Undergrad: 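One structure follows; several queries about it will come next.
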Protein chains: 4
Amino acid sequence: MTREQLPGRRSARSHRAVLESALALVREQGYAAVTIDGIASRAGVSKATIYRWWNHKSAILVEAFLTSVHPQIMFPDSGSAREDLVAQATSLARVLSDPVLGSLFVSLLGEARYDPDLATALRDGWQTPRRAAGVEVIERAMARNELPADTDPELVLDGVYGPLYLRLLFGHAPLDEPSLRQIVAQVFDGTGVGRG
Amino acid sequence: MTREQLPGRRSARSHRAVLESALALVREQGYAAVTIDGIASRAGVSKATIYRWWNHKSAILVEAFLTSVHPQIMFPDSGSAREDLVAQATSLARVLSDPVLGSLFVSLLGEARYDPDLATALRDGWQTPRRAAGVEVIERAMARNELPADTDPELVLDGVYGPLYLRLLFGHAPLDEPSLRQIVAQVFDGTGVGRG
Amino acid sequence: MTREQLPGRRSARSHRAVLESALALVREQGYAAVTIDGIASRAGVSKATIYRWWNHKSAILVEAFLTSVHPQIMFPDSGSAREDLVAQATSLARVLSDPVLGSLFVSLLGEARYDPDLATALRDGWQTPRRAAGVEVIERAMARNELPADTDPELVLDGVYGPLYLRLLFGHAPLDEPSLRQIVAQVFDGTGVGRG
Amino acid sequence: MTREQLPGRRSARSHRAVLESALALVREQGYAAVTIDGIASRAGVSKATIYRWWNHKSAILVEAFLTSVHPQIMFPDSGSAREDLVAQATSLARVLSDPVLGSLFVSLLGEARYDPDLATALRDGWQTPRRAAGVEVIERAMARNELPADTDPELVLDGVYGPLYLRLLFGHAPLDEPSLRQIVAQVFDGTGVGRG
DNA sequence: CCTTAAACGAGACGGTACGTCGCGTCTTCCT
DNA sequence: AGGAAGACGCGACGTACCGTCTCGTTTAAGG
């Protein structure tokens, strides 16, 4: 998705200006108000130049999102799966709680339902690396018997990330560290009693 | 959300036609391709009539969504919280797995981030009644000692519904009944081992 | 054109209110800004009532124009054709110089080109009585040898009224009494010298 | 009024197509039925393009009128003021007798009452050059004593053109050459007898 | 005086056109 | 030879009026 230095010469500055302008417009006016004309005029770039490098508005925004988000994510290895998952979830929650980036992300998810390219970009640039890091944490935990050998890592990850995204979508509960710790705890320990 | 018979009298047929046409267009062309002009011409209704009753495209679609979804939801009371939650989740998953309704729902969630009216409509028409039904199931379970007295019902619901919505968003895992049963089981029983 | 008391009972007040509102709107916003909706709401009358009595916007306006203008016209008989024509022209000029009525009249003439009913209304309500009065003046003058026996009354009237309407249309010269007297004088006396 | 090659470059074909389509619509459906949508679709041009170059419907039509009329006007110099005025009036009458152009012209006059830009365009593009040519004819005649030295050229022109426009407006008398010759004769010679 | 049917106000309705905005393509001119 | 500037055809936007059509509600004529 990054282009940086392709054959066409003068990109670089324009490329950066487009991504920044797009994000700024999302921030100031919201997703729906972002237009190619608006990005072009704000970035001091011609529309033709934009269409040379991106097919759709969402292609610009997904790149802007991923670029802006990329440095903020952490994949620790503390020796405790609980701690690692809390740390990952916290770092994720920091991004998604940002009013601009969080809303942008949900909008992109919505569009991705009808735009396979966008879906691919989001999967490759966002979901896959995070799931992989999560699976690794859990497999390490299984290896050291912190978790049973028959644990389904995907199910555990859904148990941790599911509530997180749910709260992003509906905003009915906080996404601070204690809450995330509670969520992780419930996944590991269950609600207690139960039928067995 | 229902309009039926406001002071301004005549509606009914037009009202229904608009909702149906809107849904049909989502089905056939996707959310982004739905236009007021398109709805109007398909419904045999004038644009003025649409704007008389709805402020935005999303107001039409949320009403269409809720109307279409309303009869399909179940809130059972079997005596077992696990069974009730699996049943609720299954009935929810049936709606959200529908390629049309599921995608529409995600799109609406995206728009709701920038449109408080839409957010309110979704909360009141969708989330609140389902959360309330879920809380009731859990409180009944606590009353009969199926769950500990200090259970946090909201946390349990997030644990059940979170993975469900997560799979809706990313489509990385199925939403059939066995999967949902697994999810509920993990919430009740935890992953085993753990720190304890 | 007047309706006053047709079989349908309650007109009267509404009828008057419509004409007055129509004229007021022309006065305040200009011909093009007059709408049936606007007249109706200003007159406190329903659109249906307006359509019951008038076919078109222009039918309202021509009636309003003629009603408003009718009392202001004079057909004197002073014994001098010159004086009578100056008097008639002056009284006519008074109406057409009015910024509201003059402009309204020109607009109606423009519409009449495409609307035979309107053309008929203008001819019967405006032009015919004035031409007839003018012909009478000239025939009286011929009878008393103020004008030659072979005078063409229509040509004389065109000579007097033509310049008057021309100045109404283009506003390039005044329409006060001295000017009208000059015009009448030129018709009677010619420019002098000439070939004849 | 001509646009041809403004800073914003590309026009020409669209420009011509708009004027031609507008005139064609007037011809086929009448002034009131001309719409911007109609012109655009007939000309194969977008509405935005039309609004880029013209402010109002009437701006299109006045330009179309003047363009279409321009080549048809004659300003002769025969040595006789009577002959020159008859020739000018005849050439004018030919335009205004055309059912399309004549009606269009009257409609434009009506609108010009409420639209100063239109009034200016008509004055500059139509009235001023014709009056100037007429004044020249009359001043030449005064110079060679065909007319008295104290003749008021404007009054003479009103005497000739006034009846012509009057017959255009009301259509109560013909506009052929003999009629125009009669009108000119009356202006030069008067009605005879008179009071002196 | 009381009934009753018309004419009425209000305003919703299916339409058409408005004037604006954004799309994605294109051409022209400047650097 | 790029790229900014921006015109272009297209089509949707949300608004304003059109002329038609129910709706109750007067209201004045006739029983």
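Source: prediction; values computed, not measured.
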Undergrad: Taking 4.0 Å as the cut-off, does a side-chain nitrogen or oxygen of D:Trp54 come that near to OP1 or OP2 on E:dG19?
TA: no

Undergrad: In terms of the nearest nucleotide of DNA chain E, which residue is placed more toward the 5' end: D:Ala33 or B:Ala43?
TA: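 By nearest-heavy-atom nucleotide position, the 5'-most residue is B:Ala43.
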
Undergrad: On DNA chain F, check which nucleotide each of B:Ile36 and D:Val45 is closest to and give me the residue with the more 5' one.
TA: D:Val45

Undergrad: Looking for any heavy atom pair under 4.0 Å, which part of the strands does D:Ala40 touch: base, sugar-phosphate only, or nothing?
TA: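 It contacts nothing in the nucleic acid.
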
Undergrad: Looking at C:Arg52, does any N or O in its side chain come under 4.0 Å of the phosphate oxygens OP1/OP2 on E:dC8?
TA: yes

Undergrad: Taking for each residue the nucleotide of DNA chain F bearing the nearest heavy atom, is the 5' side occupied by B:Asn55 or by C:Asp37?
TA: B:Asn55

Undergrad: Pick base, sugar-phosphate or nothing for D:Gly44, based on heavy-atom distances below 4.0 Å to the nucleic acid.
TA: sugar-phosphate

Undergrad: Report the C-alpha separation of A:Arg42 and A:Glu28 in whole Å, then their side-chain angles, then the decisive distance to 0.1 Å, and conclude whether the salt bridge (charged side-chain N to carboxylate O under 4.0 Å, His left out) test is met.
TA: CA-CA 13 Å; A:Arg42 178 173 196 129; A:Glu28 293 163 18; 3.0 Å; yes

Undergrad: Do A:Trp53 and A:Ile60 come within less than 4.5 Å of each other through their side chains, counting heavy atoms only?
TA: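 The answer is no, as the side chains (C-beta and beyond) never meet within the 4.5 Å cut-off.
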
Undergrad: Rounding to an integer number of Å, can you tell me how far B:Leu25 CG sits from F:dA12 C1'?
TA: 14 Å

Undergrad: When you check the phosphate oxygens OP1 and OP2 of E:dG14, does a side-chain N or O of B:Arg13 lie under 4.0 Å from one of them?
TA: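 Yes, such a contact exists.
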
Undergrad: For the side chain of C:Ala48, counting heavy atoms from C-beta on, which of E:dC23, E:dG19, F:dC21 is nearest?
TA: F:dC21

Undergrad: Between D:Glu20 and D:His15, is any side-chain donor less than 3.5 angstrom from a side-chain acceptor?
TA: no

Undergrad: With respect to the phosphate group of F:dA5, does any side-chain polar atom (N or O) of A:Ser46 fall under 4.0 Å of OP1 or OP2?
TA: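 Answer is no, no contact under 4.0 Å.
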
Undergrad: Tell me which of A:Lys57 and D:His56 sits closer to the 5' end of DNA chain E, going by the nucleotide each one is nearest to.
TA: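 Looking at DNA chain E, the more 5' nearest nucleotide goes with D:His56.
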
Undergrad: Report yes if a side-chain nitrogen or oxygen of C:Thr35 is closer than 4.0 Å to either non-bridging phosphate oxygen (OP1 or OP2) of F:dA16; otherwise report no.
TA: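 Indeed not, no polar side-chain atom of C:Thr35 lies that close.
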
Undergrad: Can you tell which of C:Leu104, C:Asp98, C:Leu101 makes a side chain to side chain contact (heavy atoms under 4.5 Å, CB included) with C:Val69?
TA: C:Leu101

Undergrad: Take D:His70 and D:Trp126 through the ring-ring contact (aromatic ring centres under 6.0 Å, His included) test and state the conclusion after the steps.
TA: CA-CA 9 Å; D:His70 186 258; D:Trp126 175 261; over 10 Å; no

Undergrad: I need the CD1-C1' distance between A:Ile50 and E:dC26, as an integer number of Å.
TA: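 So the two atoms are 16 Å apart, to the nearest Å.
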
Undergrad: Choosing from F:dC17, F:dG9, F:dC18, which nucleotide comes nearest the side chain of D:Ser14?
TA: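 Nearest to the side-chain atoms of D:Ser14, counting from C-beta on, is F:dG9.
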
Undergrad: Could you tell me the separation between the OH atom of D:Tyr51 and the C1' atom of F:dC13, rounded to a whole number of Å?
TA: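 The answer, rounded to whole Å, is 14 Å.
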
Undergrad: Tell me the interatomic distance from B:His15, atom NE2, to E:dG14, atom P, rounded to whole angstroms.
TA: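 From B:His15 NE2 to E:dG14 P: 13 Å.
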
Undergrad: Could you tell me how far apart C:Ile39 (CD1) and E:dG9 (P) are, to the nearest whole angstrom?
TA: 14 Å

Undergrad: Send over the distance from D:Ile60 CD1 to E:dC18 C1', rounded to a whole Å.
TA: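 Taking CD1 of D:Ile60 and C1' of E:dC18, I get 13 Å after rounding.
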
Undergrad: If you check the A:Lys47 side chain, which of E:dG24, E:dG9, F:dG9 turns out closest?
TA: E:dG24

